[in-house]
Amino acid sequence: MPDEPAPPPGHRPWSAAMTDALYGERGFFRRHAGPAAHFRTSVHASPTFGGALTTLLLGVDAALGHPSRLDLVDVGAGRGELLAALLASVPAELAARLRPVAVEIADRPAGLPAEIGWTDQIPARVVGLLVATEWLDNVPVEVAQVGSAGLRRVLVNDRGEEISGGRLTGPEGRWLDRWWPATGRSGRAPGPDTGRVEIGLARDEAWARAVSAVDRGLALAVDYGHLLPGRPAAGTLTGFRDGRQTRPVPDGSCDITAQVALDAVATAAGRPFHLLTQRRALHALGVDGRRPALALAATDPVAYLRALSAAATATELTTPTTLGAHRWLLHPRGIPLPPRLSDVDHDLGG
Ligand SMILES: C[S@@+](CC[C@H](N)C(=O)[O-])C[C@H]1O[C@@H](n2cnc3c(N)ncnc32)[C@H](O)[C@@H]1O
């Protein structure tokens, strides 16, 4: 913020407030029982999601020629739930070659299988699959608001009270011009006075670093977000606590999250990339919400109920108004996209 006056005591930019509130000494993700206690991600929704990622992992393994060591890196791993599920579901031959590593700011939870490594840094030279499910929406963003004085940085205190700060210039201004332009900058028509934007520069850089850590294999981000033609006019920053959406107060008591500008993130990490909805990705990987035939209920009621429950969770993962609207951003590095996904229609990329 080179040309901005110092903010009044207690107020600071959203990115600084979010960093402390989520990842500081007493931050939300360090202190609390884990993300699963506060909101539902695809990882927690159903074992079906892990099953689809197992299929993807097998595809990456094949594309790499079944190397003697296959890395599986989960960035923003929560409590390691996904890695534990994948480790348990791959064939024994692959489990023996698999090197699962959780990249997580929170401490390693008790009881995690010993094969799973735990670190707060993305390892270098990954050969295999790097996944990041609902990580990028928690990378701190800067918030700005359009008002009569133009576009101003939003400053916030620990009670969530906001005031207006300085103008946005330099890399942040350039990011807005390119990725969220209808904000009164660039000589374009300003949005309404309530118009808010979220500057995802730090998030773009974080994903670019993660993708560049993959020497050969695939990097996959799964998250909710938007594209240039449809940026939300009032921004998306919000909070979650105990399973409920709440006002984002940066005091460490709640999750604070902003939807991801997915085209910006993809472009920052470079081509080739492929962006598609979770619904399409999961269908391609063999997940569907079709109910079992009623005849099964008569011949094998237990199998029928199991299949019915699997269909219900598959539906939650693929319904366009719920988790199915999340998008998969895939960056193949030195391998082709695994066959099941390469034939699917993509929203963006190539
Ligand atoms: C919304 S949770 C997602 C957890 C899990 N991936 C899932 O889908 O259920 C985001 C996680 O990312 C972690 N995280 C955020 N930034 C991180 C970073 N720079 N390095 C490591 N972990 C990070 C947080 O601590 C939190 O556990």
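Order of listing sets the numbers, starting from 1, for every ligand and every atom in it.
Of the N or O atoms in Ile105, one or more lie within a sub-3.5 Å distance of an N or O in ligand 1. Considering backbone and side-chain atoms together, Asp120 places no N or O closer than 3.5 Å to any N or O of ligand 1.
Residues that satisfy the salt bridge (Lys or Arg N to Asp or Glu O under 4.0 Å) test with Asp158, not counting sequence neighbours, are Arg12.
The parts of Thr133 lying near ligand 1 are both backbone and side chain, judged by heavy-atom distances below 4.0 Å.
Relative to atom 6 (N) of ligand 1, the option among Gly27, Gly78, Gly76 with the closest non-hydrogen atom is Gly76. Of the candidates Glu104, Arg30, Glu134, Glu104 brings a heavy atom nearest to atom 27 (O) of ligand 1.
Less than 4.0 angstrom separates some heavy atom of Asn138 from each of these atoms of ligand 1: 1 (C), 2 (S), 10 (C). Annotation for ligand 1: atoms under 4.0 Å from non-hydrogen atoms of Val103 are 21 (C), 22 (N).
The stretch residues 150-172 participates, sequence neighbours left out, in no ring pair (Phe, Tyr, Trp, His ring centres under 6.0 Å) pair at all.
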- Stepwise salt bridge (charged side-chain N to carboxylate O under 4.0 Å, His left out) test for Arg99 and Asp71: CA-CA 5 Å; Arg99 296 291 178 275; Asp71 295 316; over 6 Å; no
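If you chain together hydrophobic residues whose side chains sit under 4.5 Å apart, Trp14 and Val249 never meet in one group. Residue Leu227 is grouped with residue Phe273 when hydrophobic side chains (ILVMFWY) are merged at heavy-atom distances under 4.5 angstrom, including chains of intermediate members.
Side-chain contact annotation: Trp328 with His274, donor-acceptor N/O pair under 3.5 Å absent.
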